[in-house]
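Numbering of residues begins at 1 and proceeds along the displayed sequence. Just so we're clear, the structure is a prediction, and the values are computed from it rather than from any experiment.
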Amino acid sequence: QTTYSKTFSVYVTDVNGVAVGNQVVTLSAIPTQYYKGTLSRTGDPASWKYTATPTSCVNEDALLNGLPDLNGILDPGQDVNGNGQLTPGNITVVAPGTVTTDTFGRATFNLQYGEQFSPWATVQITARASVAGTESRQSISYDLRGSSADFTAVDPPAGVTSPFGSSTLCTNPN
């Protein structure tokens, strides 16, 4: 296995809290933060934990001239760490990207990501739907987590060093 897959549920209701079936929901998962650092095997029982408090960096695509951007394009001034690309980039997949609720107003989807990104990013998962002509949007923040088996094994997990580097500065690409 090289990826994690976490199942989520979404519910759609009307203004009275009654389930709305056969409703299309559009999903997205955009990184809001990424972290730099390393993991080491510590504690009793031993597990892989942050060697030191990780450096927290904001998605380079998040702001442009102080305004929300998130367009997936490297605009002038966004390459904060100087590596020539947006960091962290799109590192997760929402599958499927659109779901339809069942008769109970419920639908499920998966968030998938490479093991090397756990625990090195936080994403904002957003669900959008339109009920009775009113568009609704709900978001949650989710830290990319790994399996307990991977983080308690003697062998290091895939992301023992953050894929974004181990520097204490967001402006450094390493």
So how far is it from W48 CH2 to S40 OG, rounded to the nearest 0.5 Å? 7.0 Å
Indicate the ring-plane relationship of Y142 and F8, choosing parallel, tilted or perpendicular according to the 30° and 60° boundaries. perpendicular
Determine whether a donor-acceptor pair (N or O, by modelled atom type, separation under 3.5 Å) exists between the side chain of T7 and the backbone of F109. no
Looking just at side-chain N and O atoms, do S5 and Y113 make a donor-acceptor pair shorter than 3.5 Å? no
Criterion side chain to side chain contact (heavy atoms under 4.5 Å, CB included) against V123, the qualifying member of L111, I30, N90: L111
Can you hop from L70 to V58 via hydrophobic side chains spaced under 4.5 Å? no
Evaluation steps, side-chain hydrogen bond (donor to acceptor under 3.5 Å, both in side chains), between Q33 and S56: CA-CA 7 Å; Q33 292 181 294; S56 175; 2.9 Å; yes
Given side chains that start at C-beta, do those of P31 and T122 come closer than 4.5 Å, heavy atoms only? no
Just so I know, are the side chains of T98 and L27 near enough to count as touching, which here means a heavy-atom distance under 4.5 Å? no
Report the distance from atom OG of S118 to atom CD1 of I91, rounding to the nearest 0.5 Å. 10.0 Å
I need the minimum non-hydrogen distance between G159 and L39, along with the two atoms involved. O-CD1, 3.7 Å
Please name the pair of heavy atoms, one in A29 and one in V94, separated by the smallest distance, quoted to 0.1 Å. CB-CG2, 3.4 Å
Taking C-beta and beyond as the side chain, do L86 and E60 meet within less than 4.5 Å on heavy atoms? yes
Which pair of heavy atoms, one from N83 and one from P173, lies closest together, and at what distance? CB-CB, 3.9 Å
When every non-hydrogen atom of T55 is compared with those of S167, the smallest separation belongs to OG1-O, 3.3 Å
Distance, nearest 0.5 Å, that separates NZ of K36 from OG of S162: 8.0 Å
Output the distance between atom CG (N110) and atom OG1 (T92), rounded to the nearest 0.5 Å. 12.0 Å
Taking every heavy atom of A129 against every heavy atom of V25, the minimum-distance pair comes out as CB-CG2, 4.2 Å
Might you confirm whether atom CZ of R137 has over 12 heavy atoms from other residues, nucleotides or ligands at distances under 6.0 Å? no
Polar side chain donor-acceptor pair, T32 to N59, under 3.5 angstrom: no
Do V131 and Q23 come close enough that some side-chain heavy atom pair is under 4.5 Å? yes
Is the closest side-chain heavy-atom distance between T38 and V160 below 4.5 Å? no
If we count only N and O atoms by modelled type, under 3.5 Å, do the side chains of Q124 and S139 hold a donor and an acceptor together? yes
Of Y35, Y34, Y50, the one forming a ring-ring contact (aromatic ring centres under 6.0 Å, His included) with W120 is Y50
For T101 and V20, indicate whether the former's side chain and the latter's backbone hold a donor-acceptor pair under 3.5 Å. yes
Transitive ILVMFWY side-chain link Y11 to V15, under 4.5 Å: no
Any sub-3.5 Å donor-acceptor pair from R41's side-chain atoms to T152's backbone N or O? yes
Out of curiosity, does F117 fall in the hydrophobic cluster containing I140 (side-chain heavy atoms, cut-off under 4.5 Å, transitive links)? yes
Let me confirm one number: the CD-CG distance from Q85 to L74, rounded to the nearest 0.5 Å. 8.5 Å
What's the verdict on side-chain contact (heavy atoms from CB on, under 4.5 Å) for V18 and T13, showing C-alpha distance, side-chain angles and the deciding distance? CA-CA 5 Å; V18 176; T13 63; 5.9 Å; no
Do D69 and D75 make a side-chain contact, defined as non-hydrogen atoms from C-beta onward lying under 4.5 Å apart? yes
If we count only N and O atoms by modelled type, under 3.5 Å, do the side chains of T3 and Q112 hold a donor and an acceptor together? no
How long is the span from the OG1 atom in T87 to the CG atom in N81, to the nearest 0.5 Å? 4.0 Å
Answer yes or no: is there a donor N or O on one side and an acceptor on the other, between the side chain of D143 and the main chain of R145, under 3.5 Å? no
Whether D79 side chain and G84 backbone form a donor-acceptor pair below 3.5 Å: yes
